[in-house]
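Report on one structure; see the data block that follows.
All residue numbers in this chain count up from 1 along the given sequence. This one's a predicted model, so the numbers in the text were calculated from it and none came from an experiment.
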Amino acid sequence: MTSAVPTSPRWVDFHCHLDLYRDHQDLIRECDAEKIVTLGVTTTPKAFARNVEMAMGYPYTLVGLGLHPQLVAERADELPIFEKLLSRARYVGEIGLDAGPRYYSSFQEQRRVFERILRACDEHGGKILSIHSVRAVSKVLKELDLHLRNKTCVPVLHWFTGTKSEATRAIELGCYFSLNVEMVRSEKMHALLRALPIDRLLTETDGPFVTFDERPARPTDIPSTVALLAKLRGIDSTRLADQITSNLASMLSPTPGASINRQLRLFKTT
Ligand code: MN
């Protein structure tokens, strides 16, 4: 197994639950073969080590250290493990808040955990965060504003469903948006998908929760999502694909002109 540096990334899947697929290792191989930079998010800190091990030697797969808001009710006691592992993680996610009816009873606990995570990330600095915000967009933005004070971390809003004014606020706070095919399928999202600034766009699958052709979406479905988004925005699909990989590069480094290859080498899993 080599730890080759990626040559030229073509696609970005910035939120995929790789470890929830039976063929986890095959997906990692596909990402390398197709040059898809994929962030494998985790839902509990205990899953992190195994994910890092699986991705070792595969430069296109990145691993996030996560504590999913929907699991906070049962897993809040893993917060010390999260804090212990944080120095090894460049990427953090899935984290966030969920105020949907099923998880509302844990909302106060979710806020406490989210605040602790954000403060820890801010203290370490330089983390890239993949954030869930179901029915809680304005609360999530408020927490980002309050707790990411040093501005060295980059928040990525995964499956954003907020209003246009919330999007404006998110942009002011330096957020990126990772867009998936389910968002493109939702007509009421179209105006927003057209309006988001092109230099803040990333793509994601959120597989296996999102389906594609009636099976769980895979990172290799990203080209189709890019094509649909390009059509929606009335631009060339190749241009959008290039823009998204260059957005990833700028997100990973504020240094203008730094090559994505160098960035990926620097920011590989840990
Ligand atoms: Mn997810």
Give a yes or no on this: more than 12 heavy atoms of other residues, nucleotides or ligands lie within 6.0 Å of atom [atom1] of [X].
X: K151; atom1: NZ; answer: yes
X: R111; atom1: CZ; answer: yes
X: R119; atom1: CZ; answer: no
X: R102; atom1: CZ; answer: no
X: E74; atom1: CD; answer: yes
X: E123; atom1: CD; answer: no

About how many Å separate [atom2] of [Y] and [atom1] of [X], when rounded to the nearest 0.5 Å?
X: D26; Y: C31; atom1: CG; atom2: SG; result: 11.0 Å
X: I244; Y: D199; atom1: CD1; atom2: CG; result: 12.0 Å
X: T44; Y: L67; atom1: OG1; atom2: CG; result: 7.5 Å
X: F114; Y: L97; atom1: CZ; atom2: CG; result: 5.0 Å
X: E30; Y: I36; atom1: CD; atom2: CD1; result: 7.5 Å
X: I117; Y: H147; atom1: CD1; atom2: NE2; result: 12.0 Å

Honestly curious: do [X] and [Y] fall in one hydrophobic cluster under the side-chain, below-4.5 Å linking rule?
X: I95; Y: V134; answer: no
X: Y103; Y: F107; answer: no
X: W159; Y: L71; answer: no

Task: Pair H15, D206: side-chain N/O donor-acceptor within cut-off below 3.5 Å - done: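 Yes, side-chain donor-acceptor contact under 3.5 Å.
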Do the side chains of [X] and [Y] get close enough for a salt bridge, i.e. N-O under 4.0 angstrom?
X: R185; Y: E182; answer: yes
X: E115; Y: R112; answer: no
X: D221; Y: R218; answer: no

State, with a plain yes or no, whether a side-chain heavy atom of [X] is found less than 4.5 Å away from one of [Y].
X: T205; Y: V181; value: no
X: H24; Y: N51; value: yes
X: Q110; Y: V72; value: yes
X: E166; Y: F160; value: yes
X: M183; Y: F177; value: no
X: I131; Y: L144; value: yes
X: L173; Y: P155; value: no
X: I235; Y: I198; value: yes

Heavy-atom donor-acceptor pair, [X] side chain to [Y] backbone, under 3.5 Å:
X: R10; Y: T245; result: no
X: R90; Y: I128; result: no
X: K46; Y: I81; result: no
X: T203; Y: V12; result: yes
X: R200; Y: I171; result: yes
X: D122; Y: R149; result: yes
X: R233; Y: L193; result: yes

Do you know which two heavy atoms are closest between [X] and [Y], and how far apart they sit?
X: A76; Y: V113; result: CB-CG2, 4.2 Å
X: E204; Y: D13; result: CA-OD1, 3.3 Å
X: K84; Y: S87; result: O-OG, 4.1 Å
X: L192; Y: A167; result: CD1-CB, 3.9 Å
X: P219; Y: T38; result: CB-OG1, 3.8 Å
X: G64; Y: L39; result: N-CD1, 3.6 Å

Open item on the list: Pair L202, L248 - check side-chain contact (heavy atoms from CB on, under 4.5 Å), show working.
Closed with: CA-CA 7 Å; L202 297 171; L248 178 70; 4.3 Å; yes
- [ ] Applying side-chain contact (heavy atoms from CB on, under 4.5 Å), run through R75 and H68 and close with a yes or a no.
- [x] CA-CA 9 Å; R75 303 295 192 123; H68 199 295; over 6 Å; no
Open item on the list: What verdict does the side-chain contact (heavy atoms from CB on, under 4.5 Å) test give for H17 and V41, after you've listed the backbone C-alpha separation in whole Å, the side-chain angles of each residue and the deciding distance to 0.1 Å?
Closed with: CA-CA 5 Å; H17 296 265; V41 290; 3.5 Å; yes
Task: Members sharing L20's hydrophobic cluster (side chains within less than 4.5 Å) - done: F209
- [ ] Carefully, step by step, assess W11 and T220 under the rule side-chain contact (heavy atoms from CB on, under 4.5 Å).
- [x] CA-CA 9 Å; W11 312 101; T220 44; over 6 Å; no
